Student: 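Next up is a structure, given as structure tokens.
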Amino acid sequence: MKKTIGIILFIMLVAGGLAACGTSDEASGSSEQDKKVLKMATSADFPPFESRDNEGNFEGFDIDLAHLIAEELGYELDIEDMKFDGLIGALQADRVDMVMSGMSSTDERKKNVDFSTPYHHSGEMFVTTSDSAIESLEDLEGKTIGVQLGTIQEEGAETLSEEYGFEVKKVDDAGLIIQELNSNRIDAGYMDKTVATGFIKEQGLIGFDDPTTSSPGMGIAFPKGSEMVTEVNEVLEKLEDEGKIQELEEKWLSDME
Ligand code: ARG
């Protein structure tokens, strides 16, 4: 009997806990506390934009910028880590209020989500190990190139592979591309130049720019029709005027050019 009550209590607790998780309504101010909660999602596998420090805390350019935005608008920031290829879906399902994840504001994505004005621009780069003979697109023939699922590089690599005759290997974590490279399971990784440059410096790798790239800048993504786009754009402009964005660039991106 005791056991049954225990089980019922447990189920009630779990159900209650799930119900308390709530949706993203908080951003419109319906939270019980005074401070409204701004739910942001990211894929924290992308230094210097978003990653986790040794204690598991989020850090990076996007994280700092998100905190500044939340502060300006009077929100408490709640960050959720998820796979990059699930971010757009989370916005479409209104599970989060915004996404900051080094996400390039492509026309394709604009069909499903809205973007802020771009806050950073990065080209694309191929990363290889320092002993690699791959130095240009022509050298990629017959090789295997790693990309992250759901990124513009996944699509870009598919297109380039037809012309240059390489295999595309898709992984769901940007850090995994580097692991795969270091353990010789792929011949090169293809990613945003700013991020590639960080990995190259940190891990003694080398690489070369993709001369064909024409990707758009990174923006903050919102559910389609979100009222936040305008206010966040205003905050971005204010932070720019106050030199706060430049401070963050200095802090996170200055070594990445
Ligand atoms: N800029 C690329 C894109 O928008 C890659 C972004 C990957 N971001 C990440 N946090 N892993 O598709």
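Every value quoted in this text rests on a predicted model; they were computed, and no experiment measured them. Numbering starts at 1 and runs along the sequence shown. Start at 1 and go down the list; that is how both ligands and their atoms are numbered.
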Student: For ligand 1, run through the N/O pairs with the protein that fall under 3.5 Å and put one pair on each line.
Tutor:
unit_1, atom_1, unit_2, atom_2, d
ligand 1, 1 (N), G102, O, 2.8
ligand 1, 1 (N), S104, OG, 2.9
ligand 1, 1 (N), D192, OD1, 2.9
ligand 1, 1 (N), D192, OD2, 3.1
ligand 1, 4 (O), S104, N, 2.8
ligand 1, 4 (O), S104, OG, 3.2
ligand 1, 4 (O), R109, NH1, 2.7
ligand 1, 8 (N), S101, O, 2.8
ligand 1, 10 (N), S43, O, 3.0
ligand 1, 10 (N), D45, OD1, 3.4
ligand 1, 10 (N), E50, OE2, 3.2
ligand 1, 10 (N), S101, O, 3.3
ligand 1, 10 (N), S101, OG, 2.9
ligand 1, 11 (N), D45, OD1, 2.8
ligand 1, 11 (N), Q148, OE1, 2.8
ligand 1, 12 (O), R109, NH1, 3.4
ligand 1, 12 (O), R109, NH2, 2.8
ligand 1, 12 (O), I152, N, 2.8

Student: Would the number of heavy atoms belonging to other residues, nucleotides or ligands and lying under 6.0 Å from CD of Q203 be above 12?
Tutor: yes

Student: When P223 is tested against each of I88, L91, V229 for side chain to side chain contact (heavy atoms under 4.5 Å, CB included), which residue passes?
Tutor: L91

Student: With a 4.5 Å cut-off on side-chain heavy-atom distances among I, L, V, M, F, W and Y, is there a chain of contacts connecting I186 to F208?
Tutor: no

Student: Just by distance, do the side chain of S254 and the backbone of E250 share a donor-acceptor pair under 3.5 Å?
Tutor: yes

Student: Please report the interatomic distance OH(Y164) to CD(E141), rounded to the nearest 0.5 Å.
Tutor: 11.5 Å

Student: Could you pull out all residues at least two apart from D187 that satisfy side chain to side chain contact (heavy atoms under 4.5 Å, CB included)?
Tutor: I134, K143, T144

